[in-house]
Amino acid sequence: MTGRTAVVLFTRDLRMHDHPALATSCAAFDRVVPLYVLDPALAGLSPNRTRFLHQCLAALRAELRGLGGDLVLRHGDPVAETIRLAGEVGAEGVALSADVSRYAERRARRLRAECERHRLHLRFFPGLTVVEPGELTPGGGDHYRVFGPYHRAWSGQRWRDELAAPSRVVLPDRVPVGRLPALPAGDSPDAVVGGEAAARRRLDGWLPNLRHYDDLHDDLAGGGTSRLSPYLRFGCLSPLTVANRAGDRGSPFVRQVCWRDFYHQVTAAFPDISRKAYRRGAADHWRYDADALSGWAEGRTGVPIVDAGMRQLRAQGWLHNRARLVTAGYLTKTLGLDWRDGLAVYFRWLLDGDVANNSGNWQWVAGTGNDAKPYRGFNPIRQAERYDPDGGYVRRWVPELAAVAGKAVHQPWRLPDGVRRTLDYPPPLEMPEPAPVWLR
DNA sequence: TCGGGCTTGGA
DNA sequence: CCAAGCCCG
């Protein structure tokens with residue numbers, strides 16, 4: 001067999017379109033081996049994401065087969081398996097998308113060392129963000145610490161060109177492609193289904209709603225948000241594609257895509273983001289109360305808007321961004337519990353849970369992150385009345401309160417005793433003194 | 001260096 | 001109007 005071969009290691013870029021590592025390798029090499037390594041170290045982290053991942057892999061394999069190739073699946077350590085496969089197929093090069101988490105950083109470091117040892121050419125590509133982390137820097141530092149200035153620079157930056165899906169993928173002869181294990185069970189009955197085709201359908205279906213985004217995105221009961229986050233998390237969609245198709249760079253929706261890039265460049269500069277307070281000198285001392293934590297996690301705090309959010313999370317593996325703010329704010333600022341504990345619960349359930357966004361946003365709410373106003377607190381009742389004015393969101397997710405009409409559903413402790421006793425719904429959790437002003 | 005500016009709030 | 005310092009240009 002003659003000609004040159006490359007291994008393309010897929011990670012969380014599970015798509016064919018606008019995939020720089022794949023497109024470039026297919027153009028530059030005679031044969032390309034698309035590889036995904038199932039790392040047992042990650043398998044138990046989140047049943048929801050593991051199931052979604054397997055759906056993405058099945059879809060990617062089908063797409064690659066349609067182009068004459070396949071997705072090679074291995075189990076084990078991604079670095080060891082990549083090196084082993086490269087040896088088996090006589091590859092000269094390894095390509096993958098650059099990533100920012102601690103896990104990804106360690107994987108990259110070990111890949112560099114092993115590729116050097118085995119005389120393999122290793123190349124990292126863009127593609128997980130619109131603008132690569134580190135590409136934009138402020139005058140006095142290595143990364144942006146405040147969103148506003150970052151957004152201005154990001155909007156004015158020249159973005160790379162989108163790349164087409166390859167037209168053909170040629171595998172070397174006789175590569176064992178490996179079996180995809182049976183689809184594992186998730187935790188959430190109403191989770192969306194992974195895969196690039198599903199992602200593109202959702203994007204196509206949602207784009208006509210874009211012009212209402214600014215008016216509707218904060219309404220908890222409505223469907224005004226794109227719900228693309230799980231697909232962006234696994235790279236079923238290129239964020240550049242999403243941003244380009246959404247048009248105006250200054251629009252509120254594209255601004256949200258920019259937040260994702262913002263937290264990736266923060267994480268690249270501060271890989272401890274999931275464990276350590278980002279803000280120097282931030283107050284980072286919290287109570288520990290196992291009962292309060294489990295009450296919050298299971299959606300039985302007795303504060304309806306909080307419980308509604310947590311139950312949506314458990315049912316769908318996703319929750320509205322406004323509900324993320326309210327539930328996270330309640331855990332940290334009202335209950336006084338550690339943002340890391342809330343982060344872990346989100347990580348277990350969220351289909352879109354990734355280190356950069358999940359950690360960055362939790363730290364923002366907790367006041368330890370990239371916020372100019374770290375002493376911000378959310379009043380859950382005010383939030384509920386503003387963003388769920390009729391109470392429809394609460395009644396949908398907290399059926400014990402379905403009989404309570406209107407916005408009274410947000411404060412069941414104020415209902416007449418006779419009514420309250422008919423509801424199978426707890427009083428609010430005991431809270432540290434002083435009790436919050438909204439609870440009376 | 002210094003002034004403008006800072007996702008999501010509250011009184 | 002105050003957010004609370006401090007990031008950014």
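Chain A is the first sequence line, chain B the second, and so forth, proteins listed ahead of strands; every chain is numbered from 1.
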Among the candidates [options], find the nucleotide nearest to the side-chain atoms of [X].
X	options	value
A:Arg145	B:dT7, B:dG10, C:dC7	C:dC7
A:Arg152	B:dC6, C:dC8, B:dG10	B:dC6
A:Trp364	B:dT7, C:dC7, B:dG9	B:dT7

Whole angstroms only, please: what is the [atom1]-[atom2] distance between [X] and [N]?
X	N	atom1	atom2	answer
A:Lys333	B:dT8	NZ	P	13 Å
A:His143	C:dC8	NE2	C1'	13 Å
A:Tyr150	C:dG9	OH	P	12 Å
A:Asn370	C:dC8	CG	C1'	14 Å
A:Arg280	C:dC6	CZ	C1'	9 Å

[X] vs [Y] aromatic rings, parallel, tilted or perpendicular, using cut-offs 30° and 60°?
X	Y	value
A:Trp318	A:His320	perpendicular
A:Tyr278	A:Phe270	perpendicular
A:Tyr213	A:His217	parallel
A:Phe147	A:Phe262	perpendicular

Nucleotide forming a Watson-Crick or wobble pair with B:dT8, both distances under 3.5 Å =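 Checking every strand shown, B:dT8 finds no partner, since no pair has both distances under 3.5 Å.
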Checking N1-N3 plus N6-O4 or O6-N4 for Watson-Crick, or N1-O2 and O6-N3 for wobble, each under 3.5 Å, the partner of C:dC8 is B:dG3
Between A:Tyr144 and B:dC6, does any side-chain N or O lie under 4.0 Å from OP1 or OP2?
->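 False: A:Tyr144 side-chain N/O out of range (4.0 Å or more) of B:dC6 OP1/OP2.
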Return no unless some side-chain N or O of A:Gln383 is found under 4.0 Å from OP1 or OP2 of B:dG9.
->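 It does, given that an N or O in the side chain of A:Gln383 lies less than 4.0 Å from OP1 or OP2 of B:dG9.
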With distance as the sole test, does A:Asn48 use its side chain to make a donor-acceptor pair with the main-chain N or O of A:Asp187 at under 3.5 Å?
-> yes
Flag as yes if A:Phe378 stacks onto the base of B:dT8 (centroids under 5.5 Å, planes under 30°), otherwise no.
-> no
Give, for atom CG of A:Asp388 and atom CD1 of A:Ile305, the distance between the pair rounded to the nearest 0.5 Å.
-> 4.5 Å
Gap between atom CG of A:Leu293 and atom CG of A:Leu331 - 0.5 Å precision |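 A:Leu331 atom CG to A:Leu293 atom CG measures 6.5 Å (nearest 0.5 Å).
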Mind checking if [X] touches a base, just sugar-phosphate, or nothing, with heavy atoms under 4.0 Å?
X	result
A:Gly140	nothing
A:Arg386	sugar-phosphate
A:Asp371	nothing

Check DNA chain C against residues 318-329 of chain A and give the residues with a non-hydrogen atom under 4.0 Å, in numerical order.
-> none
Within residues 209-232 of chain A, those residues having any heavy atom closer than 4.0 Å to DNA chain C are none
Does the separation of the ring centres of A:Phe10 and A:His19 fall below 6.0 angstrom?
-> yes
Between A:Phe253 and A:Trp206, does the ring centroid distance fall short of 6.0 Å?
-> yes
Please measure how far the P atom in C:dA4 lies from the corresponding atom in B:dG3, and state the result in whole Å.
->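 Rounded to whole Å, the distance is 22 Å.
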For C:dG9 versus B:dT7, give the span between their P atoms, rounded off to a whole number of Å.
-> 13 Å
Give me the one residue out of A:Arg260, A:Arg49, A:Arg324, A:Arg227 that meets salt bridge (charged side-chain N to carboxylate O under 4.0 Å, His left out) with A:Asp352.
-> A:Arg324
